[in-house]
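Okay, so here's the structure we're looking at.
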Amino acid sequence: MRELLFIANSRAGDPAVQQGRINSILLLSTLTLAVAGAWWYFAPDTLPDAVRHHLPASAKSNPTLYRWKDAKGGVHVTDVPPADRPYETLHYDPKTNVVPTVVPPKGTIR
């Protein structure tokens, strides 16, 4: 047992072992940041309130939309404003017109 501890301790100063540890820490940190960023971008409403108030608004949480008319008078709504014509800026609220899931009471026939 002492021999195994001696071998483990003798390798602790090895530059290859230290570089492996640094690489592992960097990989774990990068993965953690990627997961946190994806959570913020794709599901910002599910973040805890204490965290959400300290972060900038995600594009998914409240996107800006633009309403404009083409040359024939047709109305368009896009996420990119047109360059050659006037447009109206709309602020879309993703919680508007959301119908909650309805579960029928037990024993009712569908």
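Rounded to the nearest 0.5 angstrom, Leu90 CG and Tyr66 OH are separated by 9.5 Å. Distance CG/Leu31 to CG/Leu26: 11.0 Å, rounded to 0.5 Å. From Leu27, atom CG reaches atom CD1 of Ile22 across 13.5 Å, with rounding to the nearest 0.5 Å.
In this structure, Lys69 and Arg85 approach most closely via the heavy-atom pair O-CD, 2.9 Å.
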Quick one: side chains of residues 72-80, donor-acceptor pairs under 3.5 Å with protein atoms, not counting sequence neighbours, listed by atom name and distance.
residue, atom, partner, partner atom, Å
His76, NE2, Asp70, OD2, 2.9
Thr78, OG1, Trp68, NE1, 3.2
Thr78, OG1, Val80, O, 2.7

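Cluster annotation: Leu33 and Ile25 are assigned to distinct hydrophobic clusters (Ile/Leu/Val/Met/Phe/Trp/Tyr, side-chain heavy-atom contacts under 4.5 Å, transitive).
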